[in-house]
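Okay, handing you the structure first.
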Amino acid sequence: MTELTSNASSAPAAGISVPGAAVYPGLDDWRGLPIAQQPTWSESPFFAPTVKELSALPPLVFAGEVDVLRSRLAQAAQGNAFLLQGGDCAETFEAATADKISSRVKTILQMAVVLTYGAQLPVIKMGRMAGQFAKPRSSNDETRDGVTLPAYRGDIVNGYEFTPESRQHDPARMLKAYHTSASTLNLIRAFTQGGFADLRSVHEWNRGFTSNPAHSRYEALAKEIDSAIKFMASCGADFEALKTVEFFASHEALLLDYERALTRIDSRTGLPYDTSAHFLWIGERTRDLDQAHVEFLSRVRNPIGVKLGPTTSPDDALALIEKLDPNREPGRLTFITRMGANNIREKLPNLLEKVTASGAQVLWVTDPMHGNTVTSPNGYKTRNFDDVIDEVRGFFEVHQAQGTFPGGLHVEMTGDDVAECLGGADPVDQEAFLTGYESVCDPRLNHKQSLEMAFLVSEALRKSK
């Protein structure tokens, strides 16, 4: 990929960002628009040098990989594949260890095997990984015991520790995010291309899950998968070809200083790609049509997701399609609904009907986490597993009634045995939060809850088929 050097060398005025490496018509139009959820670091003496360095660093992902993902998502939009997207609410630099990364990848692979069998379709595997370091916040500040400091906006912006030094917005953290993402991607590629992802091994991992009496209801499905794998072996299936998997990286494109600096021009096509990840999404708080995030992402060739909450109108969705996918290209645009278990059956049908009638071929994915956040009696931010599953069921029910395809699942999860979401077959209660709650932002499904979700969604996929 071609990298063009920025001419910027002096510190920018307040609120203005240094241009990134790529030069392309319209790529900087977002700078003149309102922008939400951004750090206050543009006047720092470290800002311009940081952006300049990021603009010259190698891409984290490559345009060819992004094109492959777009083609895979096109298959899903047409009902011929299913997307599984999972990972941390907010990655931290400290947790970017080999053990934690491998357990997260392992859990996603385990879920994918179960979903593949249920859907009888290829499953696109995508991590909220190698870049999910920024988080939108409902307030700019946080107050504890009469002390007010800037809110924690993710490790790419500031630290979680409640001190003035930690909470200061530091642009140099973008460089650490880049290098941490690079090492994470390197490890993911090693795991998924070096035999770790062998289908037979992944299935063996799931046997440990179903051997737990709490998960006995899923044993029959696990045995069916086991029989299918044995049948493949008996028929001489090429298991060498099944030892590797495609695995894509994604994150919310929240910090436009970072995303713009990592945008490169593809030497094959002359088009701009955001090389910070294969797939990028716009959050519920930043999807306003006349603001910077939608404008910037409309200019890059990556497949784009948009989170749609319960207040989304059909006109909102159609306007987003017109802006982000004017050529109606399957695989370009994914709508990720996050409406809550109480709203999904009421709010989704009209949205789905109007978008389908427009002729647009978007991929519909459910995020059953963000609309179901509550506070536990002992004060922890949590989600009830039953509510999460109910939103997934509602998503499938609406699509079945409309005759459309429920194309994917987007979840905040971890491969660790944390205690952050209530319930599950092997239940987590609020007392477990006292020792098992590790998230610095939103609660995640733990390893067992993630696999239980996969079995439940697999059952729903089989019924929808």
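These figures come from a predicted structure and were not determined experimentally.
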For this session: Using the side-chain contact (heavy atoms from CB on, under 4.5 Å) rule, take V202 and F196 through it: C-alpha gap first, then chi angles, then the decisive distance, then the call.
Result: CA-CA 8 Å; V202 174; F196 179 83; over 6 Å; no
Exercise. Do L83 and L409 come within less than 4.5 Å of each other through their side chains, counting heavy atoms only?
Worked result: no
Exercise. With no hydrogens and no angle check, is any side-chain donor or acceptor of T180 less than 3.5 Å from a backbone partner on A177?
Worked result: no
Exercise. Going by distance alone, is a donor N or O of one side chain under 3.5 Å from an acceptor N or O of the other, for N384 and N372?
Worked result: no
Problem set entry | Partners passing side-chain contact (heavy atoms from CB on, under 4.5 Å) against R393 (at least two apart in sequence or in another chain) | R345, I389, E397, L456
Problem set entry | Distance, nearest 0.5 Å, that separates OG1 of T414 from CD of E420 | 7.5 Å
Exercise. Okay, side chain of T275, backbone of L262: is any donor-acceptor separation there less than 3.5 Å?
Worked result: yes
For this session: Of all the heavy-atom pairs spanning P368 and V388, show the shortest one and how long it is.
Result: CB-O, 3.4 Å
Problem set entry | Inter- and intrachain pairs under salt bridge (Lys or Arg N to Asp or Glu O under 4.0 Å), touching residues 402-416, at least two apart | K100-D416, R128-E412, K135-E412, R383-E412
Exercise. Between T382 and V374, is there a donor-acceptor pair closer than 3.5 Å when you use the side chain of the first and the backbone of the second?
Worked result: no
Exercise. Given the rule in the salt bridge (Lys or Arg N to Asp or Glu O under 4.0 Å) test, do R31 and E295 qualify, once you have shown the distances and angles that lead to the verdict?
Worked result: CA-CA 9 Å; R31 298 181 189 280; E295 169 60 33; over 6 Å; no
Exercise. Would T210 and F455 count as a side-chain contact (heavy atoms from CB on, under 4.5 Å) if you check the C-alpha gap in whole Å, the side-chain angles of each, and the deciding distance to 0.1 Å?
Worked result: CA-CA 10 Å; T210 56; F455 276 96; 3.9 Å; yes
Problem set entry | Over 12 foreign heavy atoms within 6.0 Å of CD, E142 | yes
Exercise. Should F296 and L27 count as side-chain neighbours, where that means a heavy-atom distance under 4.5 Å?
Worked result: yes
Exercise. Does any pair with a residue in residues 300-354 pass ring pair (Phe, Tyr, Trp, His ring centres under 6.0 Å), and if so which ones, sequence neighbours excluded?
Worked result: F335-W364
Exercise. What are the two closest non-hydrogen atoms of V355 and A317, and how far apart are they?
Worked result: CG2-CB, 3.8 Å
Exercise. Which residue pairs pass the salt bridge (Lys or Arg N to Asp or Glu O under 4.0 Å) test when at least one of the two sits in residues 310-319, sequence neighbours left out?
Worked result: none
Exercise. With sequence neighbours excluded, what pairs up with P406 under the side-chain contact (heavy atoms from CB on, under 4.5 Å) test?
Worked result: F395, F396, H399
Problem set entry | Nearest heavy atoms of A74 and P330, plus distance in Å | CB-O, 3.3 Å
Exercise. Among all residues two or more places apart in sequence or in another chain, which pass the side chain to side chain donor-acceptor pair (under 3.5 Å) test with R285?
Worked result: none
Problem set entry | Sub-4.5 Å side-chain heavy-atom contact between P443 and Y437 | yes
Exercise. Quick one: salt bridge (Lys or Arg N to Asp or Glu O under 4.0 Å) pairs with a partner in residues 347-371, sequence neighbours left out?
Worked result: K307-D367
Seminar exercise, completed: Here the pair of heavy atoms bringing I336 nearest to G305 is CD1-CA, 4.4 Å
Problem set entry | Approximate separation, where rounding is to 0.5 Å, of S450 OG and I108 CD1 | 8.5 Å
Exercise. What is the distance from atom SG of C421 to atom CE of M413, rounded to the nearest 0.5 Å?
Worked result: 11.5 Å
For this session: Sort out for me which residue in M129, E91, E259, H278 forms a side-chain contact (heavy atoms from CB on, under 4.5 Å) with H251.
Result: E259
Exercise. If every non-hydrogen atom of L60 is compared with every non-hydrogen atom of S181, which pair is closest and at what distance?
Worked result: CD1-CB, 3.9 Å
Problem set entry | Worked check of side-chain contact (heavy atoms from CB on, under 4.5 Å) between F433 and V428 | CA-CA 8 Å; F433 295 166; V428 171; 4.0 Å; yes
For this session: With rounding to the nearest 0.5 Å, note down the distance linking CZ in F247 to CG in L84.
Result: 8.0 Å
Seminar exercise, completed: Interatomic distance, CD1@I344 vs OG1@T366, rounded to 0.5 Å, equals 5.5 Å
Exercise. Under a 4.5 Å cut-off applied to non-hydrogen side-chain atoms, are V300 and Y273 in contact?
Worked result: no
For this session: Side-chain contact test, heavy atoms from C-beta onward, threshold under 4.5 Å: evaluate it for V245 versus L109 and give yes or no.
Result: yes
Exercise. Distance-only, no hydrogens or angles: does the Q132 side chain make a donor-acceptor pair with backbone N or O of E252 under 3.5 Å?
Worked result: yes
Exercise. Out of curiosity, E391 CD to L348 CG, how far, rounded to the nearest 0.5 Å?
Worked result: 9.5 Å
Exercise. Do the non-hydrogen side-chain atoms of F209 and H447 ever get within less than 4.5 Å of each other?
Worked result: no
Exercise. Is S250 reaching over with its side chain to a backbone N or O of G127, donor-acceptor style, under 3.5 angstrom?
Worked result: yes
For this session: State whether the side chain of T337 and the backbone N or O of M339 hold a donor-acceptor pair below 3.5 Å, judged by distance alone.
Result: no
Problem set entry | Set of side-chain contact (heavy atoms from CB on, under 4.5 Å) partners for S211, sequence neighbours left out | none
Exercise. Does the side chain of T116 come within less than 4.5 Å of L121's, by heavy atoms?
Worked result: no
For this session: Keeping to residues at least two apart or across chains, list the salt bridge (Lys or Arg N to Asp or Glu O under 4.0 Å) pairs with something in residues 371-381.
Result: K381-D442
Problem set entry | Test item: E284 side-chain N/O and G309 main-chain N/O as donor-acceptor pair under 3.5 Å | yes
Exercise. Would H410 and W281 count as a ring-ring contact (aromatic ring centres under 6.0 Å, His included) if you check the C-alpha gap in whole Å, the side-chain angles of each, and the deciding distance to 0.1 Å?
Worked result: CA-CA 11 Å; H410 179 122; W281 75 84; 5.0 Å; yes
For this session: Provide the closest heavy-atom pair for A249 versus A277 in the form atom of the first, atom of the second, distance.
Result: O-CB, 3.6 Å
Seminar exercise, completed: So the side chain to side chain donor-acceptor pair (under 3.5 Å) pairs with at least one residue in residues 227-236 (sequence neighbours excluded) are D226-K230
For this session: Answer yes or no: is there a side-chain heavy-atom contact under 4.5 Å between E452 and K448?
Result: no
For this session: Using the side chain to side chain donor-acceptor pair (under 3.5 Å) rule, collect all pairs that involve residues 184-194, keeping only residues at least two apart or in two chains.
Result: E65-R189
For this session: Would you list the pairs meeting ring pair (Phe, Tyr, Trp, His ring centres under 6.0 Å) in which at least one residue belongs to residues 81-124, sequence neighbours left out?
Result: F93-F133
For this session: Using the side-chain hydrogen bond (donor to acceptor under 3.5 Å, both in side chains) rule, take Q37 and R153 through it: C-alpha gap first, then chi angles, then the decisive distance, then the call.
Result: CA-CA 9 Å; Q37 298 287 337; R153 289 187 171 273; 2.9 Å; yes
Exercise. Distance-only, no hydrogens or angles: does the N302 side chain make a donor-acceptor pair with backbone N or O of I304 under 3.5 Å?
Worked result: no
For this session: Measure from the side-chain N and O atoms of R72 to the backbone N and O of D67, and report whether any donor-acceptor pair falls under 3.5 Å.
Result: no
Exercise. Between the side chain of Q430 and the main-chain N/O of G379, is any donor-acceptor distance below 3.5 Å?
Worked result: no
Exercise. Does the pair R301/D274 count as a salt bridge with the N-to-O cut at 4.0 Å?
Worked result: no
